[in-house]
Amino acid sequence: MEIKLEEIFQDKIDQEIKIEPRDWMPEKYRKTLLRQISQHAHSEIVGMLPEGNWITRAPNLRRKVALLAKVQDEAGHGLYLYSAAETLGMSRDEMLEELHSGKAKYSSIFNYPTLTWADMGAIGWLVDGAAIMNQVPLCRTSYGPYARAMVRVCKEESFHQRQGYEIMLTLTKGSEAQKAMAQDALNRWWWPSISMFGPNDDNSPNSAQSMKWKIKRFSNDELRQKFVDVTVAQAELLGLTIPDKDLKWNEERGHYDFGAINWDEFFQVVAGNGPCNKQRLKARVDAWENGAWVREAATAYAEKREAKANNQIEAA
Amino acid sequence: MSTKEWPLWEVFIRAKQGLNHKHVGSLHAADLQMAIENARDVYTRRMEGVSIWVVESKHIHASEPSEQEALFEPANDKIYRHPTFYNLPVELNHM
Ligand SMILES: [Fe+2]
Ligand SMILES: [Fe+2]
């Protein structure tokens with residue numbers, strides 16, 4: 001019976017028929033999705049912290065409203081994704097519990113500090129840029145609620161990248177000190193950004209199954225290559241240098257070659273030993289704990305109002 | 001210290017006057033007023049709507065995926081419900 005169901009399931013996937021929450025699905029498909037979507041949601045939420053750091057110090061009102069709107073969008077992305085994950089049978093509180101206990105992961109790039117205003121430019125340009133590369137194919141992922149959430153997310157992301165690039169552009173047209181600040185931000189964010197696509201394909205054990213189930217459409221290395229290929233020209237336009245001496249056009253491949261990623265560092269950060277892991281997690285846990293009284297009060301108020309309404313019905 | 005999770009609500013948005021409300025997603029809120037306020041912040045940051053409906057998710061009743069064939073397949077062979085089923089002369093206009 002199970003075999004038969006699994007065949008029907010794979011057949012639907014092959015025919016590009018979306019899987020919806022109440023449809024039969026292999027347990028491993030459900031678990032893989034749940035892990036991926038909840039991690040994705042956590043990344044959106046934790047991702048607000050490095051940029052939130054600069055909202056009060058934005059150089060002018062135009063930059064401030066843009067950054068505020070971007071950070072608010074990221075909160076929205078987290079909420080769309082948590083809802084999508086909940087349709088797979090895990091409660092919101094359980095997901096948050098996994099984040100707060102350190103059991104669940106989020107994108108390791110958010111464990112790096114935002115030292116200067118130029119980091120707001122580099123993050124929008126590179127981090128959101130890499131996220132877009134990852135997310136556009138996810139709009140066609142096989143699980144309906146995830147695909148629909150990603151369509152909303154992708155619509156909103158393009159402004160994020162453009163506002164970041166505009167910050168970089170303004171800095172590179174400014175004083176020597178501003179130019180240097182932009183270059184320094186690129187130097188610090190480049191390698192973490194191209195690491196965002198995850199381990200190399202031969203070191204990414206679950207990839208093949210995810211591709212077969214059409215959760216993923218492209219491999220980590222394919223997406224990383226695409227990102228490098230489009231970003232080089234963008235850096236040139238800014239007059240900035242990508243910090244990779246091995247970066248050069250390969251005529252034969254029709255792609256840029258680039259240097260080896262320091263995977264040691266990547267796995268160290270994933271394991272919790274990045275520069276800001278503790279700080280990020282603490283900020284989330286504090287927000288959750290300090291907000292407890294608000295959640296309790298709102299529940300108490302809602303219960304009181306409902307009881308009152310019920311009494312009135314009985315009295316009538 | 002763990003408190004009860006706020007209930008889940010389904011959100012429906014009318015994109016503009018003249019269109020149906022369409023399901024856009026869900027969210028948690030303590031009561032219906034908060035559900036509408038949160039829906040506004042989460043789902044209409046870019047003028048996506050002019051009206052919001054929220055329904056507590058537990059009140060949605062859905063057909064069973066396993067009944068899909070029984071429910072919807074009978075319509076398949078009733079092609080006489082479509083205008084193209086009827087053979088009429090080409091000279092006939094506006095029908
Ligand atoms: Fe996002
Ligand atoms: Fe973004």
Side-chain angles (χ1 to χ4, degrees), chain A residues 5 8-9 12 17 19-25 68-70 72-87 90-97 100 144-146 148-149 151-153 155-156 159 288-289 291-306 309, chain B residues 1-16 19-49 52-73 76:
Chain A
L5 286 170
I8 298 171
F9 175 82
K12 275 164 96 177
I17 297 172
I19 308 302
E20 294 295 344
R22 285 151 45 94
D23 294 345
W24 186 90
M25 61 186 83
L68 206 50
K70 178 191 189 288
Q72 195 187 4
D73 273 355
E74 306 301 4
H77 298 173
L79 295 177
Y80 307 154
L81 287 160
Y82 280 132
S83 306
E86 279 176 279
T87 64
M90 188 186 264
S91 76
R92 181 83 52 111
D93 281 2
E94 283 174 278
M95 280 185 262
L96 293 179
E97 170 58 33
H100 298 159
Y146 191 23
R148 292 192 286 275
V151 169
R152 301 188 74 86
V153 168
K155 272 190 198 153
E156 300 179 351
F159 127 66
W288 177 251
E289 285 176 357
W293 71 271
V294 179
R295 295 192 301 278
E296 283 161 27
T299 301
Y301 179 65
E303 279 168 359
K304 199 173 108 188
R305 284 222 312 196
E306 204 182 309
Chain B
M1 72 131 263
S2 96
T3 45
K4 208 166 56 174
E5 205 175 87
W6 288 346
L8 190 66
W9 302 74
E10 300 302 320
V11 180
F12 301 80
I13 306 270
R14 186 200 294 288
K16 59 178 193 190
L19 296 180
N20 293 326
H21 285 77
K22 199 176 145 196
H23 183 245
V24 292
S26 50
L27 49 76
H28 287 273
D31 57 25
L32 58 96
Q33 190 189 342
M34 190 194 286
I36 288 184
E37 286 165 4
N38 287 359
R40 167 199 174 266
D41 286 345
V42 179
Y43 292 105
T44 66
R45 289 194 301 284
R46 288 179 176 77
M47 298 175 294
E48 288 94 336
I52 297 171
W53 286 355
V54 291
V55 180
E56 227 186 298
S57 308
K58 67 177 184 200
H59 296 309
I60 303 255
H61 300 276
S63 61
E64 288 295 328
S66 58
E67 289 172 353
Q68 198 168 330
E69 277 178 32
L71 287 175
F72 305 112
E73 235 150 58
N76 254 344

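Numbered from 1 within each chain, the chains take letters A, B, ... in sequence-line order. All values derive from a computational prediction rather than experimental measurement.
Among Gly76(A), Ala298(A), Ala69(A), Ala75(A), the residue making the largest number of heavy-atom pairs under 4.5 Å with chain B is Ala298(A).
Between the side chain of Ser83(A) and the backbone N or O of Ser26(B), at least one donor-acceptor pair lies under 3.5 Å.
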For side-chain contact (heavy atoms from CB on, under 4.5 Å), just list the numbers for His28(B) and Glu86(A), CA-CA rounded to whole Å, side-chain angles, deciding distance to a tenth of an Å, and then say yes or no.
-> CA-CA 11 Å; His28(B) 287 273; Glu86(A) 279 176 279; 2.6 Å; yes
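Within a 6.0 Å sphere centred on CZ of Arg40(B), other residues, nucleotides and ligands contribute 12 heavy atoms or fewer. Annotation: Asn76(B), atom CG; neighbour count of heavy atoms from other residues, nucleotides and ligands within 6.0 Å is above 12.
Side-chain contact check for Arg152(A) versus Tyr43(B): some heavy-atom pair is nearer than 4.5 Å. When side chains are defined from C-beta on, Glu20(A) does not count as touching Pro65(B), because their heavy atoms never get closer than 4.5 Å. At least one side-chain heavy atom of Lys4(B) sits less than 4.5 Å from a side-chain heavy atom of Glu303(A).
Looking at Glu64(B), the atoms closer than 4.5 Å to chain A (heavy atoms on both sides) sit in the backbone and in the side chain alike. For a residue to count as touching a neighbouring chain, one of its non-hydrogen atoms must lie under 4.5 Å from one of that chain's; by this rule Tyr82(A) does not touch chain B. Contacts between Thr87(A) and chain B at a heavy-atom distance below 4.5 Å are absent for every atom of the residue. Only the side chain of Arg305(A) comes within less than 4.5 Å of a heavy atom in chain B; its backbone stays farther off.
Within residues 29-37 of chain B, the residues having any heavy atom closer than 4.5 Å to a heavy atom of chain A are Ala30(B), Asp31(B), Gln33(B), Met34(B), listed by residue number.
Thr299(A) approaches Trp6(B) most closely through the heavy-atom pair OG1-NE1, 3.1 Å. Between Arg22(A) and Ala62(B), the closest heavy-atom pair is NH2-O, 3.7 Å.
Atom CZ of Arg46(B) sits about 4.0 Å away from atom CG of Asp73(A), to the nearest 0.5 Å.
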